[in-house]
Protein chains: 2
Amino acid sequence: MSRVVAERQDVIATLAEVFREHGYDGASLSLITEKTGLGKGSLYHFFPGGKEEMAEAVLGDIASWFQTHIFDRLNDSETPAAAIDDMFASVDGYFRQGRRLCLMGVIAASGAHDRFSVELNRYFADWRTALAEALGRQGMAEKERQALAEEVIGGIQGALILARSLDDPQAFSRILARLKARCQPSQN
Amino acid sequence: MSRVVAERQDVIATLAEVFREHGYDGASLSLITEKTGLGKGSLYHFFPGGKEEMAEAVLGDIASWFQTHIFDRLNDSETPAAAIDDMFASVDGYFRQGRRLCLMGVIAASGAHDRFSVELNRYFADWRTALAEALGRQGMAEKERQALAEEVIGGIQGALILARSLDDPQAFSRILARLKARCQPSQN
DNA sequence: GCATGACTGTACCAATCGGTAAACAATTTA
DNA sequence: TAAATTGTTTACCGATTGGTACAGTCATGC
């Protein structure tokens, strides 16, 4: 268990960075072998399905991270306002204050989109549902909470792209703060 | 003039679609020859710099379209509220009600980002400046208009990614409507 | 009617692509 | 310790990559 799983987990973390920085098509096997330090043989030992399986593993890893650290906390919390605050803090940390892109967004904006449409759909739909319900437990009306959740989640993606394009990570933080303010109970 | 320029312009439009749908790395020359109907010889005749020059031509074309149809109108208009409304209408049309991605965003989220960082930076910075100034002529305070312009432009990018990921173009329209409402003079 | 220059089709290039196979080393397990 | 499992190295595969070279086509202007 320990060794193997741990190493595979390490590989997945490195794979995630490679896909994030170079995109799916841009992440060649030679680049992957270089960054992971693993030869093709080892790579195909861990991921017999090749590059596609590597990306699936990474997306699955990300999905479960968000599930436990974001979605579940939004759902379980009895103090939705605090849970939503936690969400924004986690998001800020996860995306390194705007210096890191969202791999889900990267894939969605690439030609590999079709290959992973199920994962993409679930990730964004689950996030939207969890946030909308937390907003609801905060007293927000049905229509408005659906729309706001959508706006916030999209806003985060756009802020990441904008921050990278402007080469100004702080743009991410500024937008995030505004989105957060819009989720405050006092704003309803 | 006519023949050459016109044809090159047609090619650029097709190139834009290919890059949009497949990303920079995913747009192989064989795919480009197929979609444009032009052999490599013709392609390299029009774009001696190869794929990179093709992408530059497309980005330049997009930049000038936005310059004349969006940025200039925001700047020139003496009725900023109407100009901002026009912007949202143009954006909705340009992105085909959420069924079309923004190539600038696609490139920004890809490994080819570094190659085109100048173009990306200018596109988003110009848009932000133009929108912020229009908001200013509408009476909005300096700080708030900068922040709102940033939020709107990022929000559009994110809405496109979200709409594609959820396979729900209407998500784009819904978010766009909210962003537009936030720019209304009555909201200030 | 012929020279010119814009355009195109084809063959080709080295390099790299994703992926396979199998020999080999290292660890566990019995 | 022997066998079985797990992991790694290396050489290799055919296909495709972006790019080049160049002969040929075609309309235009002189």
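Note that the structure is a prediction, hence the values are computed from the model and not measured. Numbers restart at 1 for each chain; the letters A, B, ... are given by sequence-line order, proteins then strands.
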Using the salt bridge (Lys or Arg N to Asp or Glu O under 4.0 Å) rule, take B:K51 and B:D25 through it: C-alpha gap first, then chi angles, then the decisive distance, then the call. CA-CA 10 Å; B:K51 212 170 123 174; B:D25 290 308; 5.1 Å; no
With side chain to side chain contact (heavy atoms under 4.5 Å, CB included) as the criterion, how do A:S165 and B:M104 come out once you've worked through the C-alpha distance, each side chain's angles and the decisive distance to 0.1 Å? CA-CA 9 Å; A:S165 297; B:M104 294 286 179; over 6 Å; no
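Contact annotation: the side chain of B:V152 never approaches that of B:W127 to less than 4.5 Å [non-hydrogen atoms, C-beta and beyond].
Going from atom NZ of A:K51 over to atom P of C:dC17 covers 9 Å, rounded to whole Å. Protein atom CZ of B:F46 is 11 Å distant from nucleotide atom P of C:dG9, rounded to whole Å. Between the P atom of D:dT8 and the CZ atom of A:R8 lies a distance of 13 Å, rounded to the nearest Å. Between the CD atom of B:E52 and the C1' atom of D:dG18 there is a distance of 12 Å, given to the nearest Å.
Aromatic ring pairs are classed by plane angle as parallel below 30°, tilted from 30° to 60° and perpendicular above 60°; the pair A:Y24 and A:F116 is perpendicular. Using cut-offs of 30° and 60° for the angle between ring planes, the B:W65 and B:H69 rings count as parallel. Ring geometry, A:F66 versus A:F95: the interplanar angle falls from 30° to 60°, so the pair is classed tilted.
Comparing the local axis fitted to the first five base pairs of the helix from C:dG1-D:dC30 to C:dA30-D:dT1 with the one fitted to its last five gives a bend of 10°, rounded to 10°.
Across residues 25-45 of chain A, A:G41, A:S42, A:H45 each have a non-hydrogen atom less than 4.0 Å from an atom of DNA chain D (numbered order).
Residue A:A27 comes nearest to A:V18 through the heavy atom pair CB-CG1, 3.8 Å, listed as atom of the first residue, atom of the second, then distance.
In B:E52, the CD atom is crowded: over 12 heavy atoms of neighbouring residues, nucleotides or ligands sit closer than 6.0 Å.
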